[in-house]
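The figures here come from the full heavy-atom set of this structure, side chains too, leaving out hydrogens, waters and symmetry mates. Quick caveat, the model's predicted, so the values are computed rather than measured. Each chain gets a letter, A, B and so on, in the order its sequence line appears, and its residues count up from 1.
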Amino acid sequence: MGVTSHVMDFETASAADLKVVGAWAYAEHPTTEVLCLSFEPLNPSMTGAALTWYPPPALDAPMEDWNRWREVNGELHALLKDESAMFVSHGDFERAIWHHIMVPVFGFPPIPNKRWNDTMAIAAQKQLPLELDMLGRALGLRHEKDKEGRALTISLSKPNKKTGMLDRRPETLARVYQYCESDIGEEREALDRLGWLQPGERRVWLLDQKINQRGIKIDRRYVLACQKIVDEATVPLAKEFEEITGGLAFTQRDRIMGWLEKEGVHLPDLTKATIAGVLGGTVDDSDDVAEDDGSETWEITLPEHVKRALQIRQLVGSAAIKKLDRMAVCTNSDGRARGLLQYHGAGPGRWAGRILQPQNFPRPTDAVRGKSVDLIVGTLMTGDWEYTEMILGPAVEAVAGGLRHALIAEKGHTFVSGDFSTIEARIVLALAGQKDKIELFRRADSGERLPNGLKIDAYNDMGALIYGDPTFDRKKPEWQEQGQIAKNTVLGCGFGMGHAKFHSRYCAHQPVEFAKDVIDTYRNDWAPTVPDLWKGLEAAALRTVQTRQPHEAYGVTYALEGGWMTARLPSTRKLYYWNPQLVKRLMPWQDRNGADVWRECWTYQARKMGQIKTIDAYGGLLTENVVQGLARDLLVAAMFRLEENGFPLVLTVHDEAVAEPMGSSVDEKAFREIMIEGTAWSREIGLPVNSETWVGDRYRK
DNA sequence: CGGCAATGCGCC
DNA sequence: AAACGGCGCATTGCCG
């Protein structure tokens with residue numbers, strides 16, 4: 001990226017909370033002010049050449065202050081004028097401040113995304129922590145964080161408690177400038193070690209920036225109406241809960257558990273499934289929900305007051321409704337929320353969600369399932385919780401189920417969306433060369449029927465094998481439960497899940513032998529080439545670490561590069577594993593004599609819950625990474641085609657893309673064709689791609 | 001009071 | 001012979 005790159009870092013102060021509202025709403029907030037901007041060339045021969053720009057001094061300031069300011073101001077303008085000059089930031093904060101403050105307030109020219117690089121994106125792509133100081137620690141940088149400077153800078157956003165004044169004294173600001181320049185040092189050091197994005201990914205990042213900056217419209221009126229419903233419906237129930245439990249709030253999970261014990265009720269947890277189980281209502285498994293099948297109606301008689309308390313928790317305990325608060329504050333003045341997606345936030349390259357986390361909206365709940373979006377929105381829009389309960393059902397649950405409808409298309413635009421059907425299961429089978437099952441999916445996609453008239457269906461195919469009945473039909477009411485088992489087998493067993501996990505997760509009320517049979521059926525009969533895929537990838541990767549030479553299996557090439565293990569996918573993109581190490585590990589199974597099994601394995605380090613964790617790289621995991629990575633690349637390929645063909649994207653959710661084209665009549669068929677076109681590599685491995693699409697003016701499932 | 005870790009719960 | 005994984009956010013509870 002050349003010698004003319006400069007690292008840039010702003011320090012700002014604001015009454016807005018950056019973590020809550022995100023960079024774009026923060027930058028636009030009327031109280032947000034730039035304290036300073038440090039910039040420094042990347043050229044190593046110019047280390048220490050950082051300059052710090054700050055807003056112009058007061059009109060009556062001494063001439064020397066003005067002269068000093070003019071010098072830096074001139075340097076910055078000259079830099080911007082040189083179109084070959086590039087800029088580096090950590091995250092999108094600098095771009096947001098530049099757009100909302102430097103351009104309109106201080107008259108600087110806009111900086112197009114093409115002139116930016118992002119160290120956070122690079123760290124993400126190389127599987128390292130995203131936050132700068134943890135990134136530094138992971139890379140073993142010796143740069144010491146200026147904690148005092150940081151604390152001081154943060155304190156400048158708050159008025160002095162006694163005087164009510166904001167501290168902007170010259171000596172205070174001088175300390176902030178010093179901190180800002182030190183921050184840049186850390187970023188530069190990190191960049192030296194990271195290098196740049198791998199080939200092909202810069203254009204993905206540019207697309208990501210376009211989508212994030214385009215934002216998505218939030219229906220503010222709807223959000224406010226939903227908040228009103230939640231508030232008013234919750235008040236009486238919270239009070240009742242408090243009375244029953246002797247002063248507890250329904251959010252206090254641990255204390256509720258304690259209280260239940262005291263009342264003689266022993267539950268393993270307070271998950272949705274468990275509560276539904278003891279309350280006698282079965283967990284409603286809609287066709288496309290793969291979880292919760294382990295739950296069942298437990299033979300427990302509950303005291304009435306305990307039952308009522310659990311009911312209340314079930315009714316109002318949805319954490320998802322907190323998204324309403326975020327939605328209400330994170331939008332820009334044009335009503336759009338920006339910066340909701342983090343490029344490469346997840347290991348194999350998927351996006352992660354930010355701010356209001358648009359990737360985990362609750363799926364339709366009982367209260368709203370099967371009802372039209374118009375009815376749901378029309379009802380909630382009244383803000384009347386009693387009316388809502390009359391039309392839809394429990395108010396909080398109805399709001400939770402309708403949360404995703406708060407995302408709307410701009411006036412004069414329409415949403416069109418599609419996902420990839422069962423894409424991960426298909427990629428596993430295609431990669432493994434399980435041709436008969438791939439053919440099965442292909443025939444199912446084209447709506448073909450069996451000789452007995454039944455539509456071809458992968459889950460039925462699996463069910464027929466598990467239950468030894470060729471007429472197996474999961475749509476028949478009496479086979480509903482078995483249908484779920486079959487579905488979970490197809491979807492869940494591709495990455496080496498063992499019988500114990502399958503049992504506890506999907507069929508806890510069956511004997512464990514049943515789970516064993518299911519796992520065996522998948523591995524030995526339904527998809528016998530898939531375990532070979534696990535073994536093949538595991539062996540190739542292990543040999544690579546052992547010999548330090550590249551090894552290939554199933555079109556995936558493992559190699560050691562710098563401090564990373566890389567996996568080059570059939571799509572040519574590489575996955576990164578930081579700091580691979582050989583280790584001996586005890587396997588979670590015994591040999592036929594019942595003896596422990598030890599093996600040479602390798603580990604790598606990855607970010608997990610804000611920490612660096614050491615992860616064992618076994619075959620099932622490597623397979624999953626490869627498969628998820630390929631699913632992501634398939635989506636990215638479709639995203640480029642969509643963007644180029646008049647479908648501007650506003651959101652992606654792993655295997656789903658949402659666009660917001662102009663006009664009210666949208667070519668849904670064209671959208672679908674683009675989605676299922678596939679790529680050279682997907683055709684090479686014979687992957688059948690299918691997509692279900694919808695069109696509407698509100699986000700939905 | 002704020003930072004941090006652990007846990008729960010939502011989605012793919 | 002054979003280990004599902006990936007996320008973010010809210011809350012709680014502990015620590016200083």
Inset, instruction - Using only side-chain N and O atoms of A:Y618, determine if any of them is under 4.0 Å from OP1 or OP2 of C:dG5. - result: yes
Legend entry - Candidate list A:T489, A:I485, A:T422, test side-chain contact (heavy atoms from CB on, under 4.5 Å), partner A:Y459, passing option: A:T422
Legend entry - A:M134 CE to B:dA5 P, straight-line distance once rounded to whole Å: 8 Å
Inset, instruction - Give me the bend of the helix from B:dC1-C:dG16 to B:dC12-C:dG5, using the axes of the five pairs at each end, rounded to 10°. - result: 10°
Inset, instruction - Could you check whether A:D655 gets within reach of a base, just the sugar-phosphate, or nothing at all, counting any heavy atom under 4.0 Å? - result: sugar-phosphate
Inset, instruction - Examine C:dT11: is either OP1 or OP2 under 4.0 Å from a nitrogen or oxygen in the side chain of A:K322? Give yes or no. - result: yes
Inset, instruction - Would you classify A:A346 as touching base, sugar-phosphate or nothing, given that sugar-phosphate means primed atoms plus P, OP1 and OP2, and contacts are heavy atoms under 4.0 Å? - result: sugar-phosphate
Legend entry - Which residue lies more 5' along DNA chain B, comparing A:K613 with A:P362 via nearest heavy atoms: A:K613
Legend entry - Distance below 4.0 Å between A:R253 side-chain N/O and B:dG8 OP1 or OP2: yes
Inset, instruction - Between A:P531 and A:R607, name the one whose nearest nucleotide on DNA chain C is closer to the 5' end. - result: A:P531
Inset, instruction - May I ask you to verify if any side-chain N or O of A:T251 is less than 4.0 angstrom from the OP1 or OP2 atom of C:dT12? - result: yes
Inset, instruction - Please state whether the phosphate of C:dG8, meaning OP1 or OP2, lies under 4.0 angstrom from any side-chain nitrogen or oxygen of A:R354. - result: yes
Legend entry - Ionic contact status for A:D366 with A:R369, cut-off 4.0 Å: yes
Inset, instruction - Please work out if A:F361 contacts a base, only the sugar-phosphate, or nothing of the nucleic acid, heavy-atom cut-off 4.0 Å. - result: sugar-phosphate
Inset, instruction - Report yes if at least one side-chain N or O of A:K701 is closer than 4.0 Å to OP1 or OP2 of B:dC12; otherwise report no. - result: yes
Legend entry - Side-chain N,O (A:R326) to OP1/OP2 (C:dA10) below 4.0 Å: yes
Inset, instruction - Pick base, sugar-phosphate or nothing for A:E538, based on heavy-atom distances below 4.0 Å to the nucleic acid. - result: base
Inset, instruction - Take the protein atom CZ of A:R137 and the nucleotide atom C1' of B:dC4, then report the distance between them rounded to whole Å. - result: 12 Å
Inset, instruction - Send over the distance from A:L622 CG to C:dA2 C1', rounded to a whole Å. - result: 13 Å
Legend entry - A:D208 vs A:N212 side-chain heavy atoms within contact, under 4.5 Å: yes
Legend entry - Rounded distance (Å) that lies between atom P of B:dG2 and atom NZ of A:K147: 18 Å
Inset, instruction - Answer yes when A:E131 and A:K19 have at least one side-chain N-carboxylate O distance shorter than 4.0 Å, and no when they do not. - result: no
Inset, instruction - Confirm from the modelled atom types if A:R350 and B:dC12 form a donor-acceptor pair under 3.5 Å, side chain to base only. - result: yes
Inset, instruction - For A:L270, report the nucleic acid contact type (base, sugar-phosphate, nothing); a contact means any heavy atom under 4.0 Å. - result: sugar-phosphate
Inset, instruction - Just call it for A:K535: base, sugar-phosphate, or nothing, with non-hydrogen atoms closer than 4.0 Å on any strand. - result: base
Inset, instruction - For A:G498, report the nucleic acid contact type (base, sugar-phosphate, nothing); a contact means any heavy atom under 4.0 Å. - result: sugar-phosphate
Legend entry - Nearest-Å distance for atom pair CG/C1', residues A:L403 and B:dC11: 13 Å
Inset, instruction - Taking the side chain as every heavy atom from C-beta outward, state whether A:Y179 and A:R150 have any pair of such atoms under 4.5 Å apart. - result: yes
Inset, instruction - Over all heavy atoms of both residues, which pair between A:L356 and A:C330 is shortest? Give the atoms and the distance, please. - result: CD2-SG, 3.7 Å
Legend entry - Nearest-nucleotide 5' precedence on DNA chain B, A:H654 against A:K19: A:K19
Inset, instruction - Give a yes/no verdict on a cation-pi contact between A:K126 and A:W564, requiring under 6.0 Å between NZ or CZ and the six-membered ring centre and an angle within 45° of the axis. - result: yes
Inset, instruction - Taking only Lys NZ, Arg NE, NH1 and NH2, and the carboxylate oxygens of Asp or Glu, determine whether A:E656 and A:R700 approach each other closer than 4.0 Å. - result: no
Inset, instruction - Could you tell me whether the phosphate oxygens of C:dA2, OP1 or OP2, come under 4.0 Å of any side-chain nitrogen or oxygen in A:R592? - result: no
Legend entry - Verdict with reasoning, A:C601 to A:E538, per side chain to side chain contact (heavy atoms under 4.5 Å, CB included): CA-CA 9 Å; A:C601 301; A:E538 182 170 292; over 6 Å; no
Inset, instruction - Identify whether any heavy atom of A:R150 sits under 4.0 Å from a base atom; if not, whether one sits that close to sugar-phosphate; answer base, sugar-phosphate or nothing. - result: nothing
